[in-house]
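Comments concern the structure below.
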Number of protein chains: 2
Amino acid sequence: MTPLTQADLTKPCPTRELLDRIGDAWSVLVVLNLQMGPCRFNQLRRQVGQISQRMLTVTLRHLERDGIVSRTVFPTNPPQVQYALTPLGQSLAEVVVVLHRWATANQGSVDAARKLFDEPVGAGIQIRAA
Amino acid sequence: MTPLTQADLTKPCPTRELLDRIGDAWSVLVVLNLQMGPCRFNQLRRQVGQISQRMLTVTLRHLERDGIVSRTVFPTNPPQVQYALTPLGQSLAEVVVVLHRWATANQGSVDAARKLFDEPVGAGIQIRAA
DNA sequence: CTGTATCCTGGATGATACTG
DNA sequence: CAGTATCATCCAGGATACAG
């Protein structure tokens, strides 16, 4: 409801800015995971899954810089670093969770659409068949 | 509220799939623009702004394949092609709009955080100053 | 454990030219 | 107008090695 107007998009186009942050796939995943509670580096690494160490570091620095996550170092031995969502990050997380929910709920629809698209003509009549 | 559980993320991780679609910056922008109503190719091109013709084509095909947008050709001369959100696309659009709203509302906070981050020490004491 | 520093490659993207 | 095809580029991201 209440669709946006052209003006909403044209302004200084904050959407472009937005996408530089959350358009990045890893950021979304990190936020989703942190949204479950504070987390240490390697723990987060394992949870997120396929992310490389480098990318996790880069992503976290990015999010930290944007005030989305906080980084707390406990001077223990070995060192512990805890990452958590800031209040701003939590507000973002809520939105991202909605996105995640949509994806989960509509995964079937998308997959079905793809199948249809990839097999435009049924019953053996394949236009682009080799 | 109602944070996700680890299980929600680990499943077959639909989030990864999700990100392949909307994690792409152009897709988000196209959906946001189409959400304002059906649109023709070049019209959309102008509205989205910096997108190249190729990328708009690729993005639209992607969204079409995923059942997010529909493509209707009017056999006029010159040809007219109308792109519009499908019902599925509209449901996605609603979520994306929320994202857009968040970005607009919190742009200031993020910018402020960045400023702080980029100038960690005030009053002329610059650790990394050249 | 929690990173930083380098090197290197593939795929995403833009530019350009052509077509129905 | 609405694309497709092709080529060149560039940089995000992985792999690896090293460090506090």
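Not measured: the values here are computed from a predicted model. Reminder, nothing fancy here: chain letters follow the sequence lines and each chain counts from 1.
The interatomic distance linking A:Gln82 (CD) with C:dC1 (P) rounds to 16 Å, in whole Å. Rounded to whole angstrom, the span from the NE2 atom of B:His62 across to the C1' atom of D:dG3 amounts to 18 Å. Distance B:Gln43 CD to D:dA2 C1': 14 Å, rounded to the nearest Å. Rounded to an integer number of Å, the gap from A:Leu56 CG to C:dG3 P is 8 Å.
Taking the side-chain hydrogen bond (donor to acceptor under 3.5 Å, both in side chains) definition, one finds that A:Thr57 meets it with nothing, sequence neighbours left out.
When the side-chain nitrogen and oxygen atoms of B:Tyr83 are compared with OP1 and OP2 of D:dC1, none of them lie within a distance under 4.0 Å. An OP1 or OP2 oxygen of D:dA2 is reached within less than 4.0 angstrom by a side-chain nitrogen or oxygen of B:Arg40. Note on A:Arg61: a side-chain N or O is less than 4.0 Å away from OP1 or OP2 of C:dT4. Here A:Arg71 reaches the OP1 or OP2 of C:dG3: one of its side-chain N or O atoms lies under 4.0 Å away.
A chain of hydrophobic side-chain contacts below 4.5 Å, direct or via other Ile, Leu, Val, Met, Phe, Trp or Tyr residues, connects A:Val73 to A:Tyr83.
Each of B:Val96, B:Leu92, B:Val98 was checked for a side chain to side chain contact (heavy atoms under 4.5 Å, CB included) with A:Trp102, and the lone residue meeting it is B:Leu92.
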Yes or no on side chain to side chain contact (heavy atoms under 4.5 Å, CB included) for B:Lys115 and B:Asp111, after CA distance, side-chain angles and deciding distance? CA-CA 6 Å; B:Lys115 255 191 161 166; B:Asp111 286 347; over 6 Å; no
With side chain to side chain contact (heavy atoms under 4.5 Å, CB included) as the criterion, how do B:Leu29 and B:Ile51 come out once you've worked through the C-alpha distance, each side chain's angles and the decisive distance to 0.1 Å? CA-CA 10 Å; B:Leu29 286 177; B:Ile51 193 169; over 6 Å; no
Classify every nucleotide of nucleotides 13-20 of chain D by which part a protein heavy atom approaches to under 4.0 Å, writing B for the base, S for the sugar-phosphate alone and - for neither, in 5'-to-3' order. BBB----B
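Proximity of a side-chain donor or acceptor of B:Gln35 to a complementary backbone N or O of B:Leu32 within less than 3.5 Å is detected.
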